[in-house]
Amino acid sequence: MAGASSPPPTPKSPKLQPPLLERAKGPSGLDKIVLRDPRGFSAEVRLYGGQVTSWKNDHGDELLFVSSKAIFKSPGAIRGGIPICFPQFGTHGNLEKHGFARNRLWLIDDNPPPLPVNTAIKTFADLILKPSEEDLKIWPHSFEYRLRVALGPKGDLLLTSRIRNTNADGRPFSFTFAYHTYFSVSDISEVRIEGLETLDYFDNLDGKKRFTEQGDAIVFESEVDKIYLDAPPKIAIIDHEKKRTFVLRKDGLPDAVVWNPWDKRSKTIQDFGDEEYKQMLCVEPAAVEKPITLKPGEEWKGRLELSDVPSSYYSGQLDPDKVLHG
């Protein structure tokens with residue numbers, strides 16, 4: 001006779017975690033998806049524009065700049081966060097400035113094609129944009145634009161764009177692109193960029209003429225609007241006052257745009273405060289000089305990864321090897 005078996009152990013109640021994804025409405029009524037990590041990191045992405053409008057570290061510090069005068073409604077774009085410039089960057093074409101993707105309503109993508117698996121990434125949202133009949137009138141190309149916004153295990157913010165040519169008539173199309181990233185900084189005069197020195201750039205304030213960057217790092221004393229060509233895959237934005245370094249990694253995006261409107265230009269921008277230029281800096285992974293061309297059925301992928309790391313200083317200097325080559 002078999003011995004009596006002991007009763008199974010009582011299962012422990014699972015520890016409740018906050019939901020990793022939440023759909024909510026912002027103050028303006030626009031739908032947004034809130035991504036949360038149990039360690040305290042978070043991000044928000046709006047369905048309007050497929051635009052990330054918040055990225056916070058585990059201390060709750062907001063790392064992206066959004067203007068206090070930003071307008072969260074159609075037909076304009078939201079001033080701040082990470083607007084997506086597609087299918088045109090700036091005025092490099094015949095469309096409205098920066099294209100139309102940033103002021104269209106995106107949909108949640110419930111069944112995206114698989115991306116390479118990174119098991120460390122648990123929190124992400126997938127969005128999709130397809131052209132409307134009105135879009136096809138101004139840019140006569142059929143496409144599927146899939147966007148994944150994810151939080152990495154250390155609070156990194158990752159954006160992966162996949163754009164596919166779905167033209168049925170056999171025609172290729174070309175586009176320019178940028179992640180128009182607005183970083184929140186303590187004071188623009190205390191910020192420097194490392195990784196773009198000695199590169200050629202187009203100066204949009206001087207007739208898009210081509211120059212070569214001089215000096216050891218980029219600092220800010222006046223309006224800047226430059227497109228750096230063949231930029232490295234890693235760029236550091238160093239905020240001396242906050243002792244913080246943003247590390248920007250990019251893939252599939254050869255260029256990098258740097259923009260700050262400074263005082264005079266700020267006063268001409270309706271949805272931007274007169275003094276807000278001091279608290280922001282745009283560093284934008286982009287494909288501008290050489291447009292991307294896709295044949296029907298072809299897909300392009302462009303990736304952005306942002307990290308927020310503390311900076312160690314000695315006499316105000318950062319060890320660039322640690323950030324750029326570490």
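The shown structure was predicted, so the numbers you read here are calculated from the model rather than taken from an experiment.
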### Task
Please report the C-alpha distance between Arg249 and Asp251 in whole Å, then the side-chain angles of each, then the deciding distance to 0.1 Å, and finally whether the side-chain contact (heavy atoms from CB on, under 4.5 Å) criterion is met.
CA-CA 7 Å; Arg249 295 174 177 87; Asp251 185 52; over 6 Å; no
Could you tell me which non-hydrogen atom of [X] sits nearest to which non-hydrogen atom of [Y], and how far apart they are?
{"X": "Val247", "Y": "Lys234", "result": "CG1-CG, 3.6 Å"}
{"X": "Ala217", "Y": "Glu197", "result": "CA-OE1, 4.1 Å"}
{"X": "Leu253", "Y": "Ala287", "result": "CD2-N, 4.0 Å"}
{"X": "Ala236", "Y": "Thr245", "result": "CB-CG2, 4.1 Å"}
{"X": "Ser67", "Y": "Gly273", "result": "OG-N, 3.9 Å"}

Do [X] and [Y] share a hydrophobic cluster (ILVMFWY, side-chain heavy atoms under 4.5 Å, transitive)?
{"X": "Leu158", "Y": "Ile128", "result": "no"}
{"X": "Phe89", "Y": "Tyr182", "result": "no"}
{"X": "Val257", "Y": "Leu281", "result": "no"}
{"X": "Ile108", "Y": "Leu151", "result": "yes"}
{"X": "Leu196", "Y": "Leu229", "result": "no"}

Considering only NZ, NE, NH1 and NH2 on the basic side and carboxylate oxygens on the acidic side, decide whether [X] and [Y] come within less than 4.0 Å.
{"X": "Lys278", "Y": "Glu275", "value": "yes"}
{"X": "Arg303", "Y": "Glu305", "value": "yes"}
{"X": "Arg244", "Y": "Asp61", "value": "yes"}
{"X": "Glu276", "Y": "Arg79", "value": "no"}
{"X": "Arg148", "Y": "Asp126", "value": "yes"}
{"X": "Arg36", "Y": "Glu22", "value": "yes"}
{"X": "Asp200", "Y": "Arg210", "value": "yes"}

Can you tell me how far [atom2] of [Y] sits from [atom1] of [X], rounded to the nearest 0.5 angstrom?
{"X": "Leu136", "Y": "Glu133", "atom1": "CG", "atom2": "CD", "answer": "7.5 Å"}
{"X": "Trp106", "Y": "Ile33", "atom1": "CH2", "atom2": "CD1", "answer": "12.0 Å"}
{"X": "Met280", "Y": "Thr181", "atom1": "CE", "atom2": "OG1", "answer": "11.0 Å"}
{"X": "Asp187", "Y": "Lys242", "atom1": "CG", "atom2": "NZ", "answer": "10.5 Å"}
{"X": "Ile163", "Y": "Glu144", "atom1": "CD1", "atom2": "CD", "answer": "11.5 Å"}
{"X": "Lys97", "Y": "Cys85", "atom1": "NZ", "atom2": "SG", "answer": "9.0 Å"}

### Task
Apply the test side-chain hydrogen bond (donor to acceptor under 3.5 Å, both in side chains) to residues Glu62 and Ser54: give CA-CA distance (whole Å), side-chain angles for both, the deciding distance (0.1 Å), then the verdict.
CA-CA 7 Å; Glu62 180 56 68; Ser54 176; 2.6 Å; yes
Between [X] (side chain) and [Y] (backbone), is there a donor-acceptor pair under 3.5 Å?
{"X": "Asp271", "Y": "Lys69", "answer": "no"}
{"X": "Asn167", "Y": "Asp169", "answer": "no"}
{"X": "Lys226", "Y": "Glu213", "answer": "no"}
{"X": "Glu284", "Y": "Ala178", "answer": "no"}
{"X": "Asn260", "Y": "Tyr277", "answer": "yes"}
{"X": "Glu190", "Y": "Ile188", "answer": "no"}
{"X": "Arg39", "Y": "Pro153", "answer": "yes"}

State, without any angle test, whether [X] and [Y] hold a side-chain donor-acceptor pair at a distance under 3.5 Å.
{"X": "Ser161", "Y": "Tyr179", "value": "yes"}
{"X": "Thr123", "Y": "Asp37", "value": "no"}
{"X": "Ser132", "Y": "Asp135", "value": "yes"}

If you define the side chain from C-beta out and look only at heavy atoms, does anything of [X] sit under 4.5 Å from [Y]?
{"X": "Pro38", "Y": "Lys122", "value": "no"}
{"X": "Asp203", "Y": "Lys209", "value": "no"}
{"X": "Ile238", "Y": "Glu194", "value": "yes"}
{"X": "Val288", "Y": "His92", "value": "yes"}
{"X": "Val191", "Y": "Ile218", "value": "no"}
{"X": "Trp55", "Y": "Ile82", "value": "no"}
{"X": "Lys290", "Y": "Pro254", "value": "no"}
{"X": "Leu129", "Y": "Phe143", "value": "yes"}

Do the rings of [X] and [Y] sit parallel, tilted or perpendicular, given the 30° and 60° boundaries?
{"X": "Trp139", "Y": "His141", "answer": "perpendicular"}
{"X": "Phe177", "Y": "Tyr145", "answer": "tilted"}
{"X": "Phe175", "Y": "Trp300", "answer": "perpendicular"}
{"X": "Tyr201", "Y": "Tyr228", "answer": "tilted"}
{"X": "Phe86", "Y": "Phe100", "answer": "perpendicular"}
{"X": "His180", "Y": "His98", "answer": "perpendicular"}

### Query
When the ring centroid of Phe72 is compared with that of Tyr48, is the distance short of 6.0 Å?
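Judged by ring-centre distance (under 6.0 Å), Phe72 and Tyr48 do not meet the cut-off.
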### Enclosure of Lys208 NZ (heavy-atom neighbours >12, cutoff 6.0 Å)
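Count over threshold, so yes.
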### Query
Take atom CG in Asp216; do more than 12 heavy atoms of anything else shown fall under 6.0 Å from it?
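No, CG of Asp216 has 12 or fewer neighbouring heavy atoms, counting only those of other groups under 6.0 Å.
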### Task
Walk me through it: do Asn165 and Glu298 pass the test side-chain contact (heavy atoms from CB on, under 4.5 Å)?
CA-CA 6 Å; Asn165 181 340; Glu298 287 186 336; 5.5 Å; no
### Task
Determine, step by step, whether Val309 and Lys154 satisfy the side-chain contact (heavy atoms from CB on, under 4.5 Å) criterion, reporting the C-alpha distance in whole Å, the side-chain angles of both residues, the deciding distance to 0.1 Å, and the verdict.
CA-CA 10 Å; Val309 298; Lys154 296 181 179 179; over 6 Å; no
#### Entry: Test applied, side chain to side chain donor-acceptor pair (under 3.5 Å); reference residue, Asn103; option that passes from Glu96, Gln51, Lys73
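Among Glu96, Gln51, Lys73, the one meeting side chain to side chain donor-acceptor pair (under 3.5 Å) with Asn103 is Glu96.
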#### Entry: Audit row: Asp239, Ser186, side-chain hydrogen bond (donor to acceptor under 3.5 Å, both in side chains) steps and yes/no
CA-CA 7 Å; Asp239 189 331; Ser186 59; 2.6 Å; yes
### Message
Pair Leu199, Asp230 - check side-chain contact (heavy atoms from CB on, under 4.5 Å), show working.
### Response
CA-CA 8 Å; Leu199 295 184; Asp230 295 320; 5.7 Å; no
